Amino acid sequence: MKTFEELGVAAPLLQAIREMGYEVPMPVQEEVIPLLLGNDNDVIALAQTGTGKTAAYGLPILQKIDRPQKQPQALILCPTRELCLQIAGDLNEYSKYVNDLKVLPVYGGSSIESQIKTLKKGVHIVVATPGRLLDLMNRKTVDLSDIKSVILDEADEMLNMGFSDSINAILAEVPPSRNMLLFSATMPQEIARITKKYMHDPKEIVIGRKNEGNANIRHIYYLVHARDKYLALKRLVDYYPNVYGIVFCRTRKETQEIADKLIQDGYNADSLHGELSQAQRDYVMQKFRIRNLQLLVATDVAARGLDVDDLTHIFHYGLADETESYTHRSGRTGRAGKTGISIAICHIREKKKLREIGKVINKSFEKGTLPTGKAICEKQLFNLVDQIEKVKVNEEEIASLMPSVLRKLEWLEKEDIIKRLISLEFNRMIDYYRDADDIEMVDESPSRKESGKKEDYKERGSHRSYNKAEEGYKRFFLNFGKADGLYPNQLIDLINRCVPGKVPIGRIDLRDHFSFFEVEKGEAQRVMDLMNTYEVDGRAISVEPADEKNSKKDSGWSSGLSKKRNTAYASKRDRSGGDGPWWRQAPNDRKKKKPAGKK
């Protein structure tokens, strides 16, 4: 393995990175630095986040800058404000012993007049988000005619965020003779088109294998019922006392709800999503970076470009739609040679997606079993003991206090003091888990379709599994099913839209043309009455009690729907209009039936 000096890094830069703790080059640095120090070398580097890529392109760019010429000579494009600021900060750290070198971060959400003013004074390197840079170009306040190096950092993320047109407009304005380096964790088709259009005989460097996940990350999944997902998250967080991680959610609403629940339950958590102002986002990120927060609950969009060191865990509170998103999510832990854990909390219908992700990242997912309350309390206790063993004691500071403390506690034996210390820390957690039931894991046995065995279906079939609701819940039949594009998330959303307030929802069982769902008994009558006064897409909602007598008609419900109705409703699968799929539209009021006996 070569040293940074052997790679050709200049002395002032060497001094700075040694002070930052850089000892030997990481694989991507060893490959990229010599190429960028040369001329006319275009490079495609496929590497995960956290592999040392900023230094890989930053050191040679800084070294090649002609400082007397105060014009932008290097352009670094990245997807988000957060990453833009971090890259600029790193470049300033690397170049602190290089005089008269100016790096300017250019991003939205900050004063454009201030950025224009700095550009007029003269800068050497511009680190920019595409939208703001294009704005400056349109105002004729930034000159790209002397650009010698262009870096696209996290190119796949920029394209996912819709910056394709902006990138094309920017690259059309830089000299064709410039060097270009493209960094990406994955290699979708759109990136391949960019490389073909703008790069000249690029050298491809792959750290690991294409699209492969970080080898230092352990991938675990837990299959639970939808109603138990939050409880499962809590257990896992409790089981890792020193957790420092991100909980990824699919929507802004879910993100805020999960963050609020965690805060109410006493966790150091906060949310990051698109409805926050830039000032709020900066405040949350600052708290997270200095570890005032243990958990950041975020959407994929809000967390793009987020670069935080030493994350121990990534939690997927439901899988993202795009397989590449899993790679970006999990790649935020296990960085710089450290290990990390990526945990997916999902339901049975996401099992297929897990297999697809595993093939793409060339990793096997471990099936996890949720820890028991006893195991969690033991883990927390041993963590406390470990902290007590390792705590640094300032003898001088506490010397004057110790006599009074010892007199106060002299009547207690050592064992009594330890018991009281443990009780002081853990009574609340012990009480919680003493009364908490174990969370039921979802059965992964093959479906009737997969096994083809009649007896398998009978064991799990409608009459046995759908006759009886869970204790405290009422079971209902609904005249919408999978053929109508209805799945658990959509059914929960439909109930919430029809019934004001929070409705505790239990098991959900979906069939092709109808469904069963459970709600808490106290809410059952209200749910049935209100849902039966609505229609969706011109079709009346019908909710009926699924008691034992009716559930034996299970097959009758399926065959009882006329062929005409089945065909008509099945044709609505994936229906979308100006306002999106039908289940995302607000249910329409229809005239309530007149009470019996009234004309």
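Given the structure is predicted, the values throughout are model-derived calculations rather than measurements. For reference, positions follow the sequence shown, starting with 1.
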Legend entry - Step-by-step side chain to side chain contact (heavy atoms under 4.5 Å, CB included) determination, Leu311 to Ile246: CA-CA 8 Å; Leu311 294 181; Ile246 302 175; 3.8 Å; yes

Inset, instruction - Verify side chain to side chain contact (heavy atoms under 4.5 Å, CB included) between Val126 and Ile76, making sure each step is shown before the conclusion. - result: CA-CA 6 Å; Val126 175; Ile76 302 169; over 6 Å; no

Inset, instruction - Could you walk me through whether Gln256 and Asp260 pass side chain to side chain donor-acceptor pair (under 3.5 Å), step by step? - result: CA-CA 6 Å; Gln256 192 61 57; Asp260 289 344; 3.0 Å; yes

Inset, instruction - Give the C-alpha distance, both sets of side-chain angles, the deciding distance and a yes or no for side chain to side chain contact (heavy atoms under 4.5 Å, CB included) between Leu101 and Asn92. - result: CA-CA 9 Å; Leu101 194 149; Asn92 283 323; 5.9 Å; no

Legend entry - CA sep, side-chain torsions, deciding dist, call: Glu82, Arg281, salt bridge (charged side-chain N to carboxylate O under 4.0 Å, His left out): CA-CA 10 Å; Glu82 287 79 14; Arg281 288 181 59 175; 3.4 Å; yes

Inset, instruction - Let me see the working for Cys249 and Val297 under side chain to side chain contact (heavy atoms under 4.5 Å, CB included), right down to the final yes or no. - result: CA-CA 7 Å; Cys249 297; Val297 189; 3.8 Å; yes

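A donor-acceptor contact closer than 3.5 angstrom links the side chains of Tyr57 and Asp153. Using modelled atom types, one finds a donor on one side chain and an acceptor on the other under 3.5 Å when comparing Asp238 with Tyr267. Side chain to side chain, Arg507 and His225 fail the donor-acceptor criterion of an N or O pair below 3.5 Å. For the residue pair Asn383/Asn242, the side-chain donor-acceptor check at 3.5 Å is satisfied. Using a 3.5 Å distance cut-off with no hydrogens or angles, the side chains of Tyr97 and Glu19 do pair a donor with an acceptor.
Scanning both residues, Tyr239 and Ala375, for their nearest heavy atoms gives CE1-O, 4.1 Å. Lys96 approaches Ala16 most closely through the heavy-atom pair CG-CB, 4.3 Å. When all heavy atoms of Leu354 and Ala344 are compared, the closest pair comes out as CD2-CB, 4.3 Å. Closest of all the heavy-atom pairs between Cys84 and Pro105 is SG-CB, 3.8 Å. The shortest non-hydrogen separation linking Leu62 to Tyr94 is CD1-CB, 3.6 Å.
A heavy-atom distance below 4.5 Å is not found between the side chains of Ile508 and Glu518. Residues Leu77 and Ile170 form a side-chain contact, since some pair of their non-hydrogen atoms from C-beta on lies under 4.5 Å apart. Residues Ile33 and Val9 form a side-chain contact, since some pair of their non-hydrogen atoms from C-beta on lies under 4.5 Å apart. Between Glu520 and Val503, the closest side-chain pair of non-hydrogen atoms is not below 4.5 Å. Within the 4.5 Å cutoff, side-chain heavy atoms of Ile112 are placed close to those of Leu136. Side-chain atoms of Phe382 and Pro241, non-hydrogen and from C-beta on, never get closer than 4.5 Å to each other. Looking at Thr80 and Thr129, their side chains never come closer than 4.5 Å, going by heavy atoms from C-beta outward. For the pair Leu13 and Val98, the minimum side-chain heavy-atom distance is below 4.5 Å.
Although no hydrogens or angles enter the test, the distance criterion places a donor-acceptor pair under 3.5 Å between the side chain of Asn394 and the main chain of Glu397. Under the 3.5 Å distance criterion, the side-chain polar atoms of Tyr244 are matched with a main-chain donor or acceptor of Phe288. When atom types are taken as modelled, the side chain of Glu254 and the backbone of Arg250 share a donor-acceptor pair closer than 3.5 angstrom. Gln294 places a side-chain N or O within 3.5 Å of a backbone atom of Val243 that can act as its donor or acceptor partner. For the pair Glu350 (side chain) and His347 (backbone), a donor-acceptor distance under 3.5 Å is present. No side-chain donor-acceptor contact under 3.5 Å links Arg329 to the backbone of His316. With Ser111 contributing its side chain and Ser114 its backbone, the two residues share a donor-acceptor pair below 3.5 Å. At distances below 3.5 Å, not a single donor-acceptor pair connects side-chain atoms of Glu30 with backbone N or O atoms of Pro27. Between the side chain of Gln286 and the backbone N or O of Tyr283, no donor-acceptor pair lies under 3.5 Å. The backbone N or O of Ser110 sits less than 3.5 Å from a side-chain atom of Arg132, completing a donor-acceptor pair.
Counting non-hydrogen atoms of other residues, nucleotides and ligands closer than 6.0 Å to NZ of Lys287 gives a total above 12. Crowding of Lys379 atom NZ: a count of heavy atoms from other residues, nucleotides or ligands under 6.0 Å exceeding 12. In Lys102, the NZ atom is not crowded: 12 or fewer heavy atoms of neighbouring residues, nucleotides or ligands sit closer than 6.0 Å.
Here the straight-line distance linking atom CD1 of Ile417 with atom CG of Leu421 works out to 9.5 Å at 0.5 Å rounding. Rounding to the nearest 0.5 Å places CD1 of Ile17 at 12.5 Å from CD of Glu93.
With respect to the salt-bridge test (charged N to carboxylate O, under 4.0 angstrom), the residues Lys390 and Asp386 qualify. Using a 4.0 Å cut-off between charged nitrogen and carboxylate oxygen, Glu154 and Lys53 count as a salt-bridge pair. Salt bridge status for Asp282 with Arg81: present, with a side-chain N to carboxylate O gap under 4.0 Å.
In this structure, Tyr221 has its ring center at least 6.0 angstrom away from the ring center of His219. Aromatic rings from Phe248 and Tyr326 are positioned such that their centres are separated by 6.0 Å or more. A centroid separation of less than 6.0 Å is found between the aromatic rings of Tyr240 and His313. Here Tyr317 and Tyr230 keep their ring centres 6.0 angstrom or further from each other.
Between Ile61 and the choices Leu181, Leu75, Ile125, Val103, the side chain to side chain contact (heavy atoms under 4.5 Å, CB included) rule is met once, by Ile125.
The aromatic rings of Tyr22 and Phe4 lie tilted to each other, with the angle between the two planes from 30° to 60°.
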